[in-house]
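What follows is a short report on a single structure.
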Number of protein chains: 2
Amino acid sequence: MPAPTTLPISEMICFSLYSATHAMQHAYKPMLEALGLTYPQYLVLVSLWGEDGQTVGQLGQALQLESNTLTPLLKRLEAQGLVARARDSRDERQVRVSLTGVGRDMQARAADIPGCILEKSGMTLAALTALRDQVNALRDQLRG
Amino acid sequence: MPAPTTLPISEMICFSLYSATHAMQHAYKPMLEALGLTYPQYLVLVSLWGEDGQTVGQLGQALQLESNTLTPLLKRLEAQGLVARARDSRDERQVRVSLTGVGRDMQARAADIPGCILEKSGMTLAALTALRDQVNALRDQLRG
DNA sequence: GTTAAATATATCGCACACGATTAAATCGCA
DNA sequence: TGCGATTTAATCGTGTGCGATATATTTAAC
């Protein structure tokens, strides 16, 4: 009986995504470090720059993260003075996350990051956009 | 002066990869859980099924992980009886990781995972392969 | 109106990732 | 040969992710 065979790691789509995600975070790292941010913290700020005052649940929906990940992350952002957290007065179960002045100013300081990433990718914006849509389609299929 | 604008999180390629990686790990989870494995542990085993007796450094090269991640992970695999770790007698700096019988048998028990993932992806093998190559190209560009 | 079910967030424990540092073994070169 | 430089793992500290659970609030059923 022959030994079972397994696709080499380098040819597995799951590993492509896994390693590309790491490479992407590595590409962001020096720029985010200069702003004192981690990558997930940056994603939270991006989401808040788009819509301020979101609840923890809304942020979780946008980033596909649970409160057990977001709560400590948001506390760290609050400790840095970038956001404020407050219970919603209408529904005290919910916690609304608002940008502080410093948090809003961070948007300008981070403004050239996307361009730098585009450049590091060595791809055209059109190619990246097409790739993004394919990756999103795969993700949405996997989510069921 | 208008407020600076930032691309919505849903349109950022970095977030596509980030969320697709999470969705992929979520798809693997029930199957790996049945084998008592985490996703990174599974990747290590896949690598060893392809080439047994790799050093920690070789595994790190294949998976793009450092020893500070691999060492505790490998210790957990060793504690489960799936691998053995031993210093190379020729070069005692290196630690070689070998599959145990149980670790080898796991390959057969995991044999139908790739097919299940392919099915969950809802894509043809050709489409997935093409997407993989594009993602790999982006990753390799980002690595520089 | 009281109480059970549902909802939203927080807490706890475990397993990655990774920067920085340490320790041991090997290599290289005078 | 000897000794500094390099290589290889391991260790330490911080920050995610996430399953399981706890707590508080709101909703719904009666």
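Worth saying up front: this structure is predicted, and the values here are computed from it rather than measured. The analysis underlying the following values was restricted to heavy atoms, covering all of them including side chains, and did not include hydrogens, waters or symmetry mates.
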Parallel, tilted or perpendicular: which describes the rings of Y39(B) and Y18(A), with under 30° parallel and over 60° perpendicular? perpendicular
Look at R93(A) together with D91(A) and state whether they make a salt bridge at an N to O cut-off of under 4.0 Å. yes
Going by distance alone, is a donor N or O of one side chain under 3.5 Å from an acceptor N or O of the other, for R139(A) and S19(B)? yes
Whether E92(B) and R87(B) form a salt bridge (side-chain N of Lys/Arg under 4.0 Å from carboxylate O of Asp/Glu) is what I want to check. no
Please work out which residues in residues 91-98 of chain A have a non-hydrogen atom less than 4.0 Å from an atom of DNA chain D and list them by number. D91(A), E92(A), R93(A)
Only one of V44(A), L45(A), V102(A) clears side chain to side chain contact (heavy atoms under 4.5 Å, CB included) with V83(A); which? L45(A)
For DNA chain C, the residues among residues 7-25 of chain B that have a non-hydrogen atom under 4.0 Å from it: none
I'd like to know if the side chain of R132(A) reaches the main chain of M12(B), judged simply by a donor and an acceptor atom lying under 3.5 Å from each other, with no hydrogens or angles considered. no
With sequence neighbours left out, the residues meeting side chain to side chain donor-acceptor pair (under 3.5 Å) with D52(A) are none
Among L128(B), L118(B), T129(B), which one satisfies side chain to side chain contact (heavy atoms under 4.5 Å, CB included) with M123(B)? L128(B)
Measure the distance from CG on L65(B) to C1' on dC16(C) and round it to the nearest whole Å. 9 Å
Just wondering, are more than 12 heavy atoms of other shown residues or ligands nearer than 6.0 Å to CD in E11(B)? yes
Which residue lies toward the 5' end of DNA chain D, D88(A) or Q64(A), if each is placed at its nearest nucleotide? Q64(A)
Which is the 5'-most and which the 3'-most nucleotide of DNA chain D that has an atom under 4.0 Å from a heavy atom of chain B? dT7(D) to dG19(D)
Output the rounded distance in Å from CD (E66(B)) to P (dT22(C)). 18 Å
May I ask you to list the residues of residues 27-62 of chain A, by number, that have any heavy atom positioned under 4.0 Å from an atom of DNA chain D? T38(A), P40(A), Q41(A)
Parallel, tilted or perpendicular: which one describes the rings of W49(B) and Y42(B), with boundaries at 30° and 60°? perpendicular
Note: contacts of residues 67-81 of chain A with DNA chain D (heavy atom, under 4.0 Å) are N68(A), T69(A), L73(A), R76(A)
